[in-house]
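Note that the structure is predicted; figures quoted are calculated from it, not measured.
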Amino acid sequence: MPTSQNSTSPGAGSEIPGPLVGAGWLAERLTVPGLVLFDASVGAHRGAAHRIAGARPFDLDGDLSDHDAPAPHTMPGAARFTEAMRVLGVDDTSTVVVYDGAGIYSSARAWWMLRAMGFDRAAVLDGGLPAWKAAGLPVEADGPAYDGPRGSFTARPRPGLLVDSATVAAALADPAAAVLDARTRERFAGTAPEPRPGLRGGHMPGAFNLPFAELRRPDGLMRPAEELRAAIGALTGDRERLYFSCGSGVTACVLALGATLAGYRDLAVYDGSWSEWGMPSDRRPVVTGHGPAGGDADGSGG
């Protein structure tokens, strides 16, 4: 999939120009047949009072996570994901745009899940709902759940885009790979408590810290591709095989989005993330402190 810059020029129809689209691009295509708009908000933003017109719920806190798994936000199986997308009216030929109420947060998770299930006709709305509102574009009162026609979506899982702890452990020992943690610097260092009870503080030995918020500009839009490449490369050097982790597999996908925009292609998200690795275990080691700085002496990630 080609990369995009922060400002995306409109093209023909609803074909997405890359994994990131701007509010103007979406506004011009909001009613184009075949375009499906998802609100993937979580937490306090889930079920907010307003939404972009016609948005359907991509409910990561609900049906679109496997609640039988020990870690929150675990990817559901292919059959369950297929059914959820069909219920939401997604076809194999649909164009999907995902946003969330926090800006660029949980929308990237929905985008990565679609990619992991073999669907590339999806993009994240740059800046999410805040950017849409800042552009003076209209919203509507949040309405009933989608009850339109079923879609024909079929999941075609791609092995390797979502990985387990054993794969991450191997990557930590692989000099050609790098593991990046999207949590805050305080949580990574173990100086701030984890929000989920029972988890150890700190990080995986050898992991790099790149807080997901550092990939966004002050206005909430994603940083330009060259800045994203510099931020990631300052930590990883010439390594191109990148693995991403966070608290529960959500903001790790913001790093995956940033790396995709920056031109990296060999990428994976640790689905269980710290919700799994941080559980008491003799098999998953944890260290504290700020960790390796990579090519960036102060560890700021650029």
Side-chain angles (χ1 to χ4, degrees), residues 42 60-61 64-78 80-81 106 108-109 112-113 115-117 157-212 232 235-237 239-256 258-259 264 266-294 299 301:
V42 297
L60 292 166
D61 287 336
L64 282 159
S65 291
D66 181 359
H67 298 288
D68 294 327
H73 300 130
T74 298
M75 179 78 188
R80 182 171 166 183
F81 190 82
S106 48
R109 171 70 181 184
W112 191 256
M113 289 170 68
R115 285 175 57 87
M117 287 295 172
R158 288 175 170 145
L161 269 69
L162 289 164
V163 297
D164 60 15
S165 61
T167 303
V168 174
L172 289 165
D174 183 355
V179 178
L180 290 90
D181 190 322
R183 293 176 300 152
T184 65
R185 298 199 180 281
E186 294 77 16
R187 288 173 63 190
F188 182 86
T191 59
E194 284 297 310
R196 298 174 181 88
L199 298 182
R200 296 171 289 172
H203 59 272
M204 307 168 200
F208 298 96
N209 189 206
L210 181 56
F212 77 95
I232 296 168
L235 296 172
T236 62
R239 285 171 280 194
E240 295 283 327
R241 177 59 174 162
L242 307 181
Y243 295 79
F244 305 109
S245 181
C246 60
S248 66
V250 173
T251 59
C253 298
V254 178
L255 298 192
Y264 292 93
D266 198 358
L267 311 175
V269 168
Y270 175 18
D271 203 22
S273 282
W274 200 252
S275 294
E276 179 182 46
W277 193 281
M279 290 190 294
S281 172
D282 294 330
R283 296 181 293 105
R284 296 185 293 270
V286 170
V287 295
T288 57
H290 291 290

message = Using 0.5 Å steps for rounding, measure from the CG atom of Leu255 to the OG atom of Ser245.
response = 9.5 Å

key: Which atom of Ala78 lies closest to which atom of Pro157, heavy atoms considered   = CB-CG, 3.6 Å

query = Does any non-hydrogen side-chain atom of Pro195 lie less than 4.5 Å from one of Arg187?
reply = yes

query = Ignoring hydrogens and geometry, is there a side-chain-to-backbone donor-acceptor pair from Ser281 to Arg283 under 3.5 Å?
reply = yes

remark   = OG1 (Thr167) and CG (Leu172) are apart, to the nearest 0.5 Å, by 11.0 Å

message = Are Asn209 and His290 packed together at the side-chain level, in the sense that at least one heavy-atom pair is separated by less than 4.5 angstrom?
response = no

ask   = Quick one: CE on Met113 to OG on Ser65, what's the gap to the nearest 0.5 Å?
value = 6.0 Å

task = Please test Asp68 against Arg80 for salt bridge (Lys or Arg N to Asp or Glu O under 4.0 Å), starting from the C-alpha separation and ending with a verdict.
result = CA-CA 13 Å; Asp68 294 327; Arg80 182 171 166 183; 5.0 Å; no

request  = Looking only at non-hydrogen atoms, find the nearest pair between Asp164 and Tyr270 and report the distance.
outcome  = C-CE1, 3.8 Å

ask   = Can you find a heavy atom in the side chain of Glu276 that is under 4.5 Å from one in the side chain of Pro70?
value = no

task = List for me each residue that meets ring pair (Phe, Tyr, Trp, His ring centres under 6.0 Å) alongside Tyr243, sequence neighbours excluded, and say none if there are none.
result = none

query = What are the two closest non-hydrogen atoms of Thr288 and Gly201, and how far apart are they?
reply = CG2-O, 3.9 Å

Verdict with reasoning, Met75 to Asp66, per side chain to side chain contact (heavy atoms under 4.5 Å, CB included) = CA-CA 6 Å; Met75 179 78 188; Asp66 181 359; over 6 Å; no

inquiry  = When you compare the side chain of Ile232 with that of Leu210, does any pair of heavy atoms fall below 4.5 Å?
reply    = yes

key: Arg239 side-chain N/O to Ala176 backbone N/O, donor-acceptor pair under 3.5 Å   = no

inquiry  = For Cys246, is there any backbone N or O sitting under 3.5 Å from a side-chain donor or acceptor partner on Ser273?
reply    = yes

Non-hydrogen atoms of Trp112 and Ala268 that approach each other most closely = CZ2-CA, 4.3 Å

query = Quick one: does Arg158's side chain get under 4.5 Å of Met117's, heavy atoms only?
reply = no

query = Do Val269 and Arg109 come close enough that some side-chain heavy atom pair is under 4.5 Å?
reply = yes

task = May I have the step-by-step check of side chain to side chain contact (heavy atoms under 4.5 Å, CB included) for Thr236 and Leu242, ending in yes or no?
result = CA-CA 8 Å; Thr236 62; Leu242 307 181; 3.9 Å; yes

message = By the ring-ring contact (aromatic ring centres under 6.0 Å, His included) test, which pairs, at least two apart or in different chains, include something from residues 171-204?
response = Phe188-His203

request  = Give the C-alpha distance, both sets of side-chain angles, the deciding distance and a yes or no for side chain to side chain contact (heavy atoms under 4.5 Å, CB included) between Val179 and Phe208.
outcome  = CA-CA 6 Å; Val179 178; Phe208 298 96; over 6 Å; no

message = A side-chain contact here means heavy atoms from C-beta on lying under 4.5 Å apart; do Leu267 and Leu161 qualify?
response = no

ask   = Is a side-chain donor-acceptor pair under 3.5 Å present for Ser248 with His73?
value = yes

request  = Check the pair Ser106, Leu60 against side chain to side chain contact (heavy atoms under 4.5 Å, CB included), reporting the backbone distance first and the verdict last.
outcome  = CA-CA 8 Å; Ser106 48; Leu60 292 166; 3.8 Å; yes

task = Report yes if the side chains of Arg241 and Tyr264 come closer than 4.5 Å at any heavy-atom pair, otherwise no.
result = no

note = Those residues at least two apart in sequence (or on a different chain) that pass side chain to side chain contact (heavy atoms under 4.5 Å, CB included) with Pro285 are Pro205, Trp277

query = Between Arg183 and Trp274, is NZ or CZ placed under 6.0 angstrom from the six-membered ring centre and within 45° of the ring axis?
reply = yes

